[in-house]
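Note on naming: letters A, B, ... go to the chains in the order of the sequence lines (proteins, then strands), and numbering restarts at 1 for each one. What you see below is based on every heavy atom in this structure, not just the backbone, and it leaves out hydrogens, waters and symmetry mates.
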Amino acid sequence: MTRQPLNLLDHLHQTILQFLNPFTASLSQARQAHAQILKTGLSSDTNLTTKLLSLYANNLCFDDANFVLDSISEPNLFSYSTLIHAFAKLNQFGHALALFSQMLSRGLVPDSFLFPSVVKACAGLPTSKAGKQVHAIASVSGLASDSFVQSSLVHMYIKCDQIRDARKLFDRVPHRNVIICSALISGYSRRGCVDEAMQLLSEMRDMCLEPNVVLWNGMIAGFNQSKLYADTVAVLQKMHSEGFRPDGSSISSALPAVGHLEDLGLGIQIHGYVVKQGLGSDKCVVSALIDMYGKRACSFEMSQVFHEMDQMDVGACNALVTGLSRNGLVDNALEVFRQFKDRGMELNIVSWTSIIASCSQNGKDMEALELFREMQVEGVEPNSVTIPCLLPACGNIAALMHGKAAHCFSLRRGISNDVYVGSSLIDMYAKCGKIRLSRLCFDEMPTRNLVCWNAVMAGYAMHGKANETMDVFRLMQRSGQKPDFISFTCVLSACSQKGLADEGWYYFNSMSKEHGLEARVEHYACMVTLLSRSGKLEEAYSMIKQMPFEPDACVWGALLSSCRVHSNVTLGKFVAKKLFNLEPKNPGNYILLSNIYASKGMWSEVDRVRDKMKSLGLRKNPGCSWIEVKNKVHMLLAGDKAHPQMNQIIEKLNELSSEMKKSGYFPNTHFVLQDVEEQDKEQILCGHSEKLAVVLGLLNTPPGSSLRVIKNLRICGDCHAVIKFISSFEGREISVRDTNLFHHFKDGVCSCEDYW
DNA sequence: ATAGGGTTAG
């Protein structure tokens, strides 16, 4: 390389320095400067190379940074520190730690300034393993007594869920300052340890340490995160009463809690404070206000805050979408989402996840799947929140392929161990009829919480697998996980489906005796089902009379269903009357009653019920089934004429029905409401959506492959018989999920053993 | 050059 004349080199040096100004330099300028440095042989100028390193690091150009580092003949502590500080600040923990270990292997000794950044990188990892090692290195270097190092270590232990290690370290620190106390208090708050947090706060007084705003805010945010809403608000008020002025941070972490409490007055008061303190231009505060009003069902105030914003903000838009959806206005949520998108607003992962959640929570499952696709087309990557928002939509309409795709995505992205992702996978597979895959997901989870246990039990219950449900229940207890009222709902409903009266009573009684849980209305509903299904209608009724609270529609509904199964007109009439009072607008109850009459041939009573429905403006909810064929979900309505393959379906159905008649089957026309000619009744039965869906599946899948159908109402007895026949005649495994149970048909037999 | 805090999605 030729040496340049000195004056020119000086000039170049100046130019390069300008290019490397950390405040103004762009990435392309950094690259130009890098090229110049290489050309002019200035690589040994540590001033230049360090600036270059820092620029590359701040632009997340790891390869370039490493290249520069390698080109330095003898990188020193300063070169490494520059990079490690930058990466730690930008949450690039892996890179920061890789550089740290490289640095150590070169024999360089870290100083007390470097440790906090390294520890911060360790805090971003899921376990404290690396953090403990760094702690040990700091100790042997004699730097563990530095207050910066200590507080970063406390923070690391807390982030890695090792609060006892954090406390152990804290107790050994002789001179505590506000920062280290604040780190520990925030840790306690985040874990819901209210007493410990409060205790430490008062101990600070003894140490003559005054809490500051950051400390208060850490507590507020922590309690809010622990869902201790009352405590969250209490801290905000305590802070205020002790003369500290809550800032935007305090307000935005307290408002979510205010929304959860039923104290709209406090919310309005805080809104007033925001206006008075001029916090109204703080984006987080505005989003939090919208969220609070949304949670408290104040659609008007919510929109008002939104429209009074002086600058558009994605966070506020997202809060508005969720707020609308919370108040039953999904269509409006979809509309505003579209508007934001069309106006070129930069939608983020929260925006997409919010709208997907709105859809899957409000019966717009197909829309949720479509939005998930659209989101990926737009280049937005799903995360560990998006997946649990999407999966219920897959489960609702048994879109197994979509669910599996989401599962694969989770495995690839390493988020499948997340308890939310895991429990939503368990639920999705169960609802798609894949109970073994559901169990597999459960078995493979490294950590489980109550929701996971409940999800797998609910799955087994839904599949009528009472023994498995009880097995898991026992396993849960042995693992030390305490059951909650949902766990008992799962076990009891499993027992009720199989008519296991002894087991049902055992679990029902053990709730209060052994677990200190009072039976809720849903547990009584399970017991009513259990008793009444097996024909003990009177016993079920007396159970209702003995309930310690007013029976609700679920309880009476359970009894009415059994009256239908056992064709009990007298009790059915009585129960239906109760239900008409409790939920006058639910057509299902009228249908059940008229079915009871119809099963006894009491056609004039059937007409009376139907006339009453008509006069109330009620219509039978249309039967609707879903089936996934070749990755596409088809929706079929009862008597559907719109489906393009309908002629083929009818043809196939007729073919099947003549085959059935040959083998001695007669359509069970009791399941038809109307008093019509037998011939017509048969036609009406033919139109039931579950049959249409099964036949659509037969026509479009290879022989022998299995079919999965989801129905929005209970499966009718005739369809049950027909699908049993189809399963053996066509040699298919068919599963049909109705509102409360899975029916697995195989070789002419159903898993429910005709008890449902 | 180094340490503690915020909104909107489950």
Side-chain angles (χ1 to χ4, degrees), chain A residues 50 54 77-86 88-89 110-120 123 143 146-156 158-159 177-187 189-190 211-222 224-225 246-256 259 279 282-292 294-295 306 313-323 325-326 347-358 360-361 382-392 418-424 451:
Chain A
T50 310
S54 138
L77 175 62
F78 192 57
S79 330
Y80 277 105
S81 297
T82 307
L83 277 180
I84 293 173
H85 287 313
K89 195 181 269 177
D111 63 4
S112 65
F113 289 100
L114 181 54
F115 269 111
S117 287
V118 176
V119 174
K120 186 185 176 149
L143 295 170
D146 179 273
S147 78
F148 280 71
V149 176
Q150 286 168 338
S151 39
S152 67
L153 282 168
V154 166
H155 186 235
M156 180 275 297
I158 283 161
K159 283 282 285 278
N177 59 20
V178 186
I179 290 176
I180 200 164
C181 293
S182 172
L184 192 55
I185 288 180
S186 137
S189 310
R190 243 164 252 280
N212 59 20
V213 179
V214 175
L215 186 145
W216 288 115
N217 290 355
M219 266 180 116
I220 296 174
N224 176 52
Q225 205 178 303
D247 66 3
S249 215
S250 332
I251 298 298
S252 44
S253 12
L255 274 172
L279 296 170
D282 185 318
K283 286 176 179 173
C284 291
V285 170
V286 172
S287 307
L289 273 173
I290 294 172
D291 171 69
M292 182 274 293
K295 281 180 187 149
F306 182 80
D313 171 56
V314 217
C317 297
N318 299 344
L320 182 67
V321 165
T322 302
S325 152
R326 268 203 182 103
L347 300 176
N348 59 24
I349 180 64
V350 180
S351 322
W352 288 98
T353 306
S354 305
I355 193 68
I356 289 170
S358 304
S360 60
Q361 288 161 3
N383 65 13
S384 63
V385 182
T386 319
I387 302 299
C389 289
L390 174 76
L391 285 173
D418 181 286
V419 284
Y420 281 104
V421 173
S423 42
S424 59
V451 180

Item to complete: Indicate, with a heavy-atom threshold strictly under 4.0 Å, whether A:N348 touches base, sugar-phosphate, or nothing.
Response: nothing
Practice prompt. Describe the nucleic acid contact of A:S112 in one word from base, sugar-phosphate, nothing, applying a heavy-atom distance below 4.0 Å.
Written response: base
Discussion item. Base, sugar-phosphate or nothing for A:V285? Non-hydrogen atoms, less than 4.0 Å.
Written reply: base
Worksheet item: Whole Å only: how far is the CG atom of A:L347 from the C1' atom of B:dT8?
Response: 13 Å
Worksheet item: OP1 or OP2 of B:dG4 less than 4.0 angstrom from a side-chain nitrogen or oxygen of A:H155, does that happen here?
Response: yes
Worksheet entry | Length of the line joining A:Q225:CD and B:dT8:C1', which is rounded to integer Å | 15 Å
Worksheet item: Atom CD1 of A:I84 to atom P of B:dT2: distance rounded to whole Å?
Response: 14 Å
Worksheet item: Counting distance only, does the side-chain N/O of A:S54 pair as donor-acceptor with the main-chain N or O of A:T50 below 3.5 Å?
Response: no
Discussion item. Base, sugar-phosphate or nothing for A:V149? Non-hydrogen atoms, less than 4.0 Å.
Written reply: nothing
Item to complete: Please state how far atom CG in A:L391 lies from atom C1' in B:dA9, giving the value in whole angstrom units.
Response: 14 Å
Item to complete: Kindly indicate whether the side chain of A:N383 and the base of B:dA9 share any N or O donor-acceptor pair separated by less than 3.5 Å?
Response: yes
Fill in: A:F113 side-chain proximity, nearest of B:dA1, B:dG10, B:dG4
B:dA1
Worksheet item: Can you find a pair of side-chain heavy atoms, one from A:I158 and one from A:S186, that are under 4.5 Å apart?
Response: no
Practice prompt. Ignoring hydrogens and angles, answer whether the base of B:dG6 and the side-chain atoms of A:D247 contain a donor-acceptor pair closer than 3.5 Å.
Written response: no
Worksheet item: Is any side-chain N or O of A:S287 under 3.5 Å from a base N or O of B:dT7, one able to act as donor and the other as acceptor?
Response: yes
Item to complete: Return yes if some donor-acceptor pair links the side-chain N/O of A:S360 with the main-chain N/O of A:C389 below 3.5 Å, else return no.
Response: yes
Discussion item. Expressed as a whole number of angstroms, how long is the span from A:D291:CG to B:dA9:C1'?
Written reply: 11 Å
Worksheet entry | A:S147 side-chain proximity, nearest of B:dA1, B:dA3, B:dG6 | B:dA3
Worksheet entry | Sugar-phosphate only, base, or nothing, as touched by A:S384 at under 4.0 Å among non-hydrogen atoms | base
Worksheet item: Given B:dG10, B:dT2, B:dT7, which nucleotide is nearest the side-chain atoms of A:V385?
Response: B:dG10
Worksheet item: Which nucleotide, B:dG4, B:dT2, B:dT7, lies nearest any side-chain atom of A:V214?
Response: B:dG4
Worksheet item: Is there a donor-acceptor pair under 3.5 Å between the side chain of A:S423 and the backbone N or O of A:V419?
Response: yes
Discussion item. Taking the side chain as everything from C-beta on, heavy atoms only, tell me whether A:D313 gets closer than 4.5 Å to A:S287.
Written reply: yes
Discussion item. Tell me whether A:F148 and B:dT2 count as stacked here, given that the ring centres must be under 5.5 Å apart and the planes must differ by less than 30 degrees.
Written reply: yes
Worksheet item: Taking only side-chain nitrogens and oxygens of A:Q361, does any of them come within less than 4.0 Å of OP1 or OP2 of B:dA9?
Response: no
Worksheet entry | Closest listed nucleotide, where the reference is the side chain of A:A357 and the choices are B:dA9, B:dT8, B:dA1 | B:dA9
Practice prompt. Take atom CD1 of A:I355 and atom C1' of B:dA9, then tell me their distance rounded to the nearest Å.
Written response: 11 Å
Worksheet entry | With A:P116 via side chain to side chain contact (heavy atoms under 4.5 Å, CB included) - residues at least two apart | A:F148, A:V149, A:S152
Discussion item. Looking at A:S152 and B:dA3, is any side-chain donor or acceptor paired with a base atom of the opposite kind under 3.5 Å?
Written reply: no
Discussion item. Are the side chains of A:V385 and A:Y420 in contact, using a 4.5 Å heavy-atom criterion?
Written reply: no
Practice prompt. Would you mind telling me which of B:dG4, B:dT8, B:dA1 lies closest to the side-chain atoms of A:S81?
Written response: B:dA1
Worksheet item: What about A:S252: does its side chain form a donor-acceptor pair under 3.5 Å with the base of B:dG6?
Response: yes
Worksheet item: Is there a donor N/O on one and an acceptor N/O on the other, under 3.5 Å, for the side chain of A:N177 and the base of B:dG4?
Response: no
Discussion item. Nearest whole Å is fine: how far is B:dA3 C1' from A:I179 CD1?
Written reply: 6 Å
Worksheet item: Counting side-chain heavy atoms from C-beta on, which of B:dG4, B:dA3, B:dT8 comes nearest to A:S182?
Response: B:dG4
Practice prompt. Look at the side-chain N and O atoms of A:R326 and state whether any lies under 4.0 Å from the OP1 or OP2 oxygen of B:dT8.
Written response: no
Discussion item. Students often get this wrong, so: under 4.0 angstrom with heavy atoms, is A:V213 touching a base, only sugar-phosphate, or nothing?
Written reply: base
Discussion item. Need one value for A:S354: base, sugar-phosphate or nothing, where a base atom within 4.0 Å counts as base even if backbone is also close, heavy atoms only.
Written reply: sugar-phosphate
Worksheet item: Within this structure, what is the CD1-to-P distance between A:I290 and B:dA9, rounded to whole angstrom?
Response: 11 Å
